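What follows is a set of notes on a single structure, which appears directly below.
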Amino acid sequence: MSEGQETTETTHGPEFRYSPALAAKIEAKWQDFWDENGTYNAANPVGDLADAELADCDKLYVLDMFPYPSGKGLHVGHPLGFIGTDVFARYNRMRGVNVMHAMGYDSFGLPAEQHAINTGVHPRKNTEDNIANMRRQLRRLGLGHDQRRSVSTTDEDFYRWTQWIFNQIFNAWYDEARDKARPIAELVGQYESGERLCEDGRSYSGLSASEQRKVIDSHRLAYLSDSPVNWCPGLGTILANEEVTADGRSDIGNYPVFKRDMKQWMMRITTYADRLLDDLDKLDWPDAIKLMQRNWIGRSTGANVRFATPAGELEVFTTRADTLFGATFMVISPEHPMLQALTAAENSAEVEAYVKAAADKAEVDRLDATKEKTGVFTGSYATNPLNGQQIPIWIADYVLMGYGTGAIMAVPCGDQRDFEFARKYNLEIVAIQQPTKEWFAEHEMKPSLDCSTWPEPFVGDSQYVNSSNEELDLDQYANVAEANAAIYAWLESKGLGGATTTYRLRDWLFSRQRYWGEPFPIVYDEDGNPHSVPDSMLPILLPELEDFKPTAMDPEDDVTDPVPPLARATEWLEVELDLGDGLKTYKREINVMPQWAGSCWYEMRYLDPTNSEAFIDPEIEKYWMGPKHEGHSGGTDLYVGGVEHAVLHLLYARFWHKVLFDLGHVSSFEPFHRLFNQGYIQAYAYRDERGQAVPAEDVVEEANGTFTYDGEQVTQEYGKMGKSLKNIVTPDDMYDAYGADTFRLYEMSMGPLDASRPWNSRDVVGMQRFLQRVWRNLVDEDTGELTVVDGAEVDAQLMALTHKTIASVAEDMQSLKFNTAISKLIELNNELTSSYQDQPMPRELAVPLTQMIAPLAPHIAEELWSMLGLEGSVHRSQFPQADHAMLVNEQVEMVIQVNGKVRDKISVGKGISDAEAEQLALACEAVTKRLEGEPRKVIVRAPNLVNVVV
RNA sequence: GCGGACGUGGCGGAAUUGGCAGACGCGCUGGAUUUAGGAUCCAGUGACCUAACGGUCGUGAGGGUUCAAGUCCCUCCGUCCGCACCA
């Protein structure tokens, strides 16, 4: 250490103690070395990044969720997953595996644009600054990424391929017969040859060119739709369902969201609903996430039933067709297309008022399930097909247009909502099942089929009653499944409906009225038909705008139409193209893609970032992501990220990947084979008497367990790190106070990777002490010289402990249990510390110790490795192999229990027989003094345990 | 309301198949070194009883199975998360 630097030392002590200053010096040195030497470069089988040495070694693709380069910079909670994947990747690299680990930036998106609105700084400038800062913070952490593969979604060379994939989706249709997407040209072929007829039965060749376009466009996987969307004036854009919270506000910014009709780009994700659901079984994902995706897709099997009404057939979806005899009224949604026709003249005023009230209601109120149900009678009746009964048709906003058919048959005796509604409006309730004895007992009432005596509807399996006519007898059944089967058959035979499946999942709303996103590769002709721009003309660059701000809107203004910023790029807006029928003028699409687009495929661009011919070379995709065997999904080997992406990103990315799979561009049918959700790091925050947050770092914990700030008592709370709570700790703070290795070790030691835990800055010192002891075991703190000796005799017990540690650390690292790996390394090091307090440590022990800490604390390990005079980088060395012969102890400790309580422990040979073990146990004093006469029973588990029952 | 996960010292957390509860770290207590300590090192540290030897209790609460339960079964309580009128 130079004299000049010593003055900056904040802690005293020997010159070569492993202090923060020394750590900083070591860390900077090796970070430069790794960059210069490409230590973490991964080898591709072909292409620019190919490496002949690849040969026979295994591959591993470790992936972190694509980070957004936030202007706020990182706090200590952000890198938790990054460190976890880094340790795992480093460990596997040391096992000789070709490891892919890279990091890029999901850099399009609203925040940069919102920042631009506030500051006037161009989003690109702002985004680039943020990426640079995040790169710096992550580099300082010592992550072993292949730097050559870092991509950003805002790179023109990246979004060129995002647009290319959009074209693939636009130019594809879903062939239900083959259950896969196919190029749209093949559909055109089917129509032209007459193999396929239009839905209305007309022949395709008889249609006008414009009509033909409409037919084809209606099959595309990306299509324009004029349907109700989530309009958020506060953000000046519309949002996907997934981006709207349960209380009808925007996920970002918490602005009100309104439903209104607008023409928008949609992605036909619903055609993939079954595959997205069923293929979850092929994935190694946490059950909780699979469940969330299953719920989101919401597949529900039931039946469609068509009721006769004066305005024609009214179709409903129900999961309980078996209760059709009990359907005593119907309810349709206020947005139902048949409402007009069903409304009787004398009811129209009331109905209109109700519809208007429902439309004016914010989503918040509309979706409040706890509020009392409301509705009005339309004046029309439908016919119950089973008993011919005329049943009234009501409208009510508890029936949603977005699910099923937007209409229901109400069976008040068997459905809570219908029951409440019938009670409120005095509609008929007829029992069609005899509730069980238990049910009546539970409600402390006498069995009765008079529903007016029931406190709630009966739901479940039970004997059917009042459910038969001349043709159908459900009264013979006592469970829902059998009754459903019978009625499905009846409905089908009568042509009144039949079994069907419906989904909660809706098509994905894909356009945004913003500036900072990928432009669509779409132009419109003079008739307003969309055409994709030829791949050869990609990328369609974002035009430079003087004023890129979206038109400012009042968050409550749900009337004014959105004006996307690109509408003001007047020169860019129109373009002359020859798309096959001569040079013509086209208008560009002025919406941009949502932020999810880039993250739907980025994991493949890491693999082949320089490819200018394809988004990825198929051979490279196959090498890194291809299925491992028949039926294997393929995809990344490990994907680590937060649970907040459970449905949005993970569902969209799976959908795109499947389209690319169907079209033959990738060999894997899932993008992420194994998913792991890291926990969150949260922090304590403190408030004074007025409820104001006070700086958490200056709060003192008193001896009595209370907390004070500036002598005043404050209250503790626990939550996210954030500016408003004044409890942010940044990686930079940690680098300064302890160094990156200590910080990494602390984050990994706090608990299992998937658990959330509180940050405690004062606890970090424990890991610093550990590294200081490791350092001191190998290096003289006064001279900085290595103290390790060659050829010294090694204590057999320490050697055995080292090998035991190797075996156990290796296992822990492979299963992402870094916290226990660290505890075992500390134990080993503590043993070494006490054994070699006064003498130098043998090289035979020092080398494996250095290698074992390398994945966790890469800088100090590299420094020690170099001081040990070893070749190359420790991170490219072979992880030590446990000698299994050394793991077997000849002597083991046998536990002696009396009545299940531990009374003694004796050392025995590991090969001891049950009989010998029993004899030894019965002879020991702890047993004899408790034993009167013969033991009642002796359980022997030699050589570990003997339990004497007296 | 429905679904899911989880409850272990003062704190973060360990604990293959049921077989020594509390590894490791923080904090705390005592000691060493030091002009000094918010540095470093060493030792101790679940609770209770006991002068000590030793003993009793102890994994959210209650019950059960077992020679033996943090782990398996039943009932209840609490916390967190997801969905939320999905027909």
Side-chain angles (χ1 to χ4, degrees), chain A residues 10-14 17 19 246-247 286-292 294-296 298-300 302 316-321 323 331 333 366-371 373 396-400 402-411 414-418 420-421 502-505 643-644 646-647 701 703 705 745-746 749-752 755-770 772-773 776 781 811 817 819-827 830 833-834 837 893-905 935-941 944-950:
Chain A
T10 50
T11 49
H12 299 261
R17 169 159 295 165
S19 62
D247 54 355
D287 287 338
I289 301 296
K290 288 190 184 182
L291 191 70
M292 281 161 75
R294 285 197 183 99
N295 289 342
W296 191 264
R299 180 160 68 193
S300 163
V316 303
F317 172 76
T318 176
T319 55
R320 290 296 303 277
T323 61
V331 186
S333 147
R366 186 80 193 262
L367 290 171
D368 183 3
T370 57
K371 71 160 198 241
K373 296 181 183 7
D397 63 3
Y398 80 89
V399 172
L400 310 173
Y403 186 78
T405 63
I408 61 158
M409 62 178 212
V411 184
D415 181 281
Q416 184 64 39
R417 295 154 301 180
D418 299 345
E420 283 171 28
F421 197 78
T502 195
Y503 302 88
R504 205 187 80 111
L505 182 70
V643 71
E644 71 272 20
V647 280
E701 183 173 4
L745 220 36
Y746 172 62
S749 73
M750 294 163 82
S756 293
R757 62 305 281 277
W759 177 268
N760 254 322
S761 291
R762 65 175 189 188
D763 291 359
V764 181
V765 71
M767 291 303 117
Q768 185 189 32
R769 288 176 192 153
F770 166 50
Q772 282 179 338
R773 284 197 294 270
R776 193 160 41 234
E781 285 191 326
E811 202 184 306
K817 289 159 74 178
N819 53 331
T820 51
I822 291 169
S823 81
K824 284 156 194 169
L825 286 167
I826 294 173
E827 280 182 278
N830 286 349
T833 304
S834 43
Q837 241 164 10
E893 201 171 58
M894 184 168 78
V895 172
I896 314 285
Q897 295 181 334
V898 177
N899 289 344
K901 289 193 169 135
V902 179
R903 294 300 177 186
D904 203 0
K905 295 166 191 176
R936 284 182 30 206
K937 198 170 179 181
V938 182
I939 284 100
V940 184
R941 294 283 182 274
N944 298 316
L945 172 139
V946 176
N947 187 11
V948 181
V949 186
V950 301

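Since the structure is predicted, the reported quantities are computational estimates derived from the model, not experimental observations. Numbers restart at 1 for each chain; the letters A, B, ... are given by sequence-line order, proteins then strands.
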Strand partner of B/A5, provided both Watson-Crick or wobble distances fall under 3.5 Å: B/U79

At under 4.0 Å between heavy atoms, which parts of nucleotides 67-72 of chain B does protein reach? Answer with one letter per nucleotide, 5' to 3': B base, S sugar-phosphate only, - none. B-----

For A/Lys373 and B/G1, what is the distance between atoms NZ and P respectively, to the nearest whole Å? 14 Å

Between the protein and nucleotides 47-50 of chain B, which nitrogen or oxygen pairs come in under 3.5 angstrom?
none

Base orientation of B/G9, chi within 90° of 0 counted as syn, else anti, reads syn

Both distances under 3.5 Å, Watson-Crick or G-U wobble: report the partner of B/G70, or none. none

Pairwise N/O distances under 3.5 Å, protein to nucleotides 11-14 of chain B:
| unit_1 | atom_1 | unit_2 | atom_2 | d |
| --- | --- | --- | --- | --- |
| B/G12 | O2' | A/Met750 | O | 2.8 |
| B/G13 | OP1 | A/Ser756 | O | 3.4 |
| B/A14 | OP1 | A/Asn819 | ND2 | 3.3 |

Counting only side-chain nitrogens and oxygens, does A/Thr405 get under 4.0 Å of the OP1 or OP2 atom of B/A87? no

Base partner of B/A15, which must satisfy Watson-Crick or wobble distances under 3.5 Å: none

Residues forming a side-chain hydrogen bond (donor to acceptor under 3.5 Å, both in side chains) with A/Arg773, sequence neighbours excluded: A/Asn830

Watson-Crick or G-U counterpart of B/A47, or none if no pair lies under 3.5 Å: B/U56

For the residue pair A/Met409 and A/Val316, what are the closest heavy atoms and their distance? N-CG1, 3.7 Å

Between A/Val411 and A/Thr323, the two heavy atoms sitting closest are CG2-OG1, 3.3 Å

Interatomic distance, CD1@A/Ile826 vs CE@A/Met767, rounded to 0.5 Å, equals 4.0 Å

If you look at every strand shown and take non-hydrogen atoms under 4.0 Å, does A/Asp418 touch a base, only sugar-phosphate, or nothing? nothing

Would you mind pulling out the nucleotide paired to B/U40, Watson-Crick or G-U wobble, both distances under 3.5 Å? B/A32

Does A/Arg776 reach a base, just sugar-phosphate, or nothing at all? Heavy atoms under 4.0 Å. sugar-phosphate

Take the protein atom CG of A/Asn944 and the nucleotide atom P of B/U17, then report the distance between them rounded to whole Å. 15 Å

Could you pull out all residues at least two apart from A/Phe421 that satisfy ring pair (Phe, Tyr, Trp, His ring centres under 6.0 Å)? A/Phe329, A/Trp394, A/Tyr398, A/Tyr425

Run the side-chain hydrogen bond (donor to acceptor under 3.5 Å, both in side chains) test against A/Tyr403 and tell me which residues pass, sequence neighbours left out. none

Going by salt bridge (charged side-chain N to carboxylate O under 4.0 Å, His left out), name the residues that satisfy it together with A/Asp415, two or more places apart in sequence or in a different chain. A/Arg417

Could I get the full list of salt bridge (charged side-chain N to carboxylate O under 4.0 Å, His left out) partners for A/Arg757, not counting sequence neighbours? none

Tell me what A/Glu893 touches on the nucleic acid: a base, only sugar-phosphate, or nothing, going by heavy atoms under 4.0 Å. base

Taking atom C1' of B/C42 as reference, at what distance in whole Å does atom CZ of A/Arg773 sit? 11 Å

Given B/G25, B/U40, B/A87, identify the nucleotide with an atom nearest to the side chain of A/Met767. B/G25

To the nearest angstrom, how far is A/Ile826 atom CD1 from B/C24 atom C1'? 5 Å

Categorize A/Lys824 for me: base, sugar-phosphate, or nothing, with a 4.0 angstrom heavy-atom threshold over every strand shown. nothing

In whole angstroms, how far is the C1' atom of B/C53 from the CG atom of A/Asp904? 15 Å

Taking salt bridge (charged side-chain N to carboxylate O under 4.0 Å, His left out) as the test, write out the residues that go with A/Arg762, two or more places apart. A/Glu701

When rounded to whole Å, the CD to C1' distance for the pair A/Glu811 and B/A23 reads 16 Å

Protein-nucleic acid N or O pairs under 3.5 Å, nucleotides 4-6 of chain B:
none

Among all residues two or more places apart in sequence or in another chain, which pass the side-chain hydrogen bond (donor to acceptor under 3.5 Å, both in side chains) test with A/Ser756? none

For A/Arg504 and B/C85, is the shortest distance between a side-chain N/O and OP1 or OP2 below 4.0 Å? no

Atom pair CZ (A/Arg504) and CG (A/Asn295), whose distance is rounded to the nearest 0.5 Å: 7.5 Å

Quick one: salt bridge (charged side-chain N to carboxylate O under 4.0 Å, His left out) partners of A/Arg776, sequence neighbours excluded? A/Glu781

Nearest to the side chain of A/Arg769, which nucleotide is it out of B/C83, B/C26, B/C24? B/C26

Across the strands shown, which category fits A/Arg903 at heavy-atom distances under 4.0 angstrom: base, sugar-phosphate, nothing? sugar-phosphate

